[in-house]
Number of protein chains: 2
Amino acid sequence: METAVADRKDTLDVEDLAELCRALGHPARVRILEFLKKMDKCICGTIVDSLPLAQSTVSQHLKQLKSAGLVKGEIEGPRTCYCLDRERLDQFKQYVANL
Amino acid sequence: METAVADRKDTLDVEDLAELCRALGHPARVRILEFLKKMDKCICGTIVDSLPLAQSTVSQHLKQLKSAGLVKGEIEGPRTCYCLDRERLDQFKQYVANL
DNA sequence: ATCGTATATCGACGATTAACGATGAATAAC
DNA sequence: GTTATTCATCGTTAATCGTCGATATACGAT
């Protein structure tokens, strides 16, 4: 019984950890995460300016981070303000620490 | 000067972290890592038996983990014995803890 | 020698990724 | 109203990924 429950729990963690890792498996996305860690809140345009990539590419990367739950975007007029989801980052840290 | 040095250090860590994340960005590879964490040493065949994947696929996954430095393989006759590179895993943990 | 076991590699295939420029929708300024 | 700014989305392209079966190589047993 306990084993069965533990196995299910492991299954969810594995998939979730893999998803988070996939999200951070590109240097640009790591940089974005670090940037947001420092800046707390930041509009898309500033992130675009900080990377040697096209705006559309950065937007795609942000989309990936958002999909993984690591960042949140809040629309302000024509701008989008992104911030880190610190709880989600902590979750990632927890997973990795438990490896 | 210090900024320049710090920037270079960040650049290396970002790439390295991304590489490690990419390696663990697939559930099968996370499972292999966990398996090796528990078993300490394990032959390829046993790992193959523990996953619902073809032997060739598992071999490819192991190759990815090896390339990222997370596992080491030691040939013993017709068999290969894999083990976790614990220092490398600790490095990963360190990177993530510092995010 | 032959046969069996183990596994890395190859090639094929479909799916996914990362890059870009173009564009449309939403907002702001005039 | 027009014009400008912002950014998500689209489509294209080439590269990479994940999976498989087949196979060659290395070793072990007979």
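Below, chains carry the letters A, B, ... as their sequence lines are ordered, and counting in each starts from 1. Fair warning: this is a prediction, and the values are worked out from it, not measured in the lab.
- Both A:Y82 and A:F35 are assigned to one and the same hydrophobic cluster, defined by single-linkage of ILVMFWY side chains at heavy-atom distances under 4.5 Å.
- In this structure, the CD1 atom of A:I43 is 10 Å from the C1' atom of D:dC7, given to the nearest Å.
- Using a 4.0 Å cut-off, some side-chain N or O of A:Y82 falls inside it from OP1 or OP2 of D:dA8.
- Annotation: of the two residues near DNA chain D, A:P78 and B:A54, the 5′-most nearest-nucleotide partner is A:P78.
- No contact: B:R22 has no heavy atom under 4.0 Å from any strand.
- For the OP1/OP2 pair of D:dG18 and a distance below 4.0 Å, the side-chain nitrogens and oxygens of B:R29 include at least one atom meeting the criterion.
- Salt bridge absent: B:E74 and B:R79 never bring a charged side-chain N and a carboxylate O closer than 4.0 Å.
- A close approach under 4.0 Å does occur between a side-chain nitrogen or oxygen of B:K63 and OP1 or OP2 of C:dT9.
- A close approach under 4.0 Å does occur between a side-chain nitrogen or oxygen of B:Q64 and OP1 or OP2 of D:dG18.
- Contact check on A:K72 versus A:E87 returns no salt bridge, with no Lys/Arg side-chain nitrogen under 4.0 Å from an Asp/Glu carboxylate oxygen.
- A:D49 places its CG atom 14 Å from the P atom of D:dT5, with the value rounded to the nearest Å.
- Taking the side chain as every heavy atom from C-beta outward, B:V48 and B:T57 never approach each other to under 4.5 Å.
- Straight-line distance from the CG atom of A:L53 to the P atom of C:dA18: 11 Å, rounded to whole Å.
- Applying the 4.0 Å criterion to OP1 and OP2 of D:dC17, one finds that B:H61 has every side-chain N and O outside that range.
- Neither OP1 nor OP2 of D:dT9 sits under 4.0 Å from any side-chain N or O of A:S59.
- The phosphate of D:dT9 has neither OP1 nor OP2 within less than 4.0 Å of any side-chain N or O from A:S56.
- Distances shown here put a side-chain N or O of A:T57 below 4.0 Å from the OP1 or OP2 atom of C:dC20.
- Residue contacts for B:E76: at a heavy-atom cut-off of 4.0 Å it reaches no nucleic acid atom on any strand shown.
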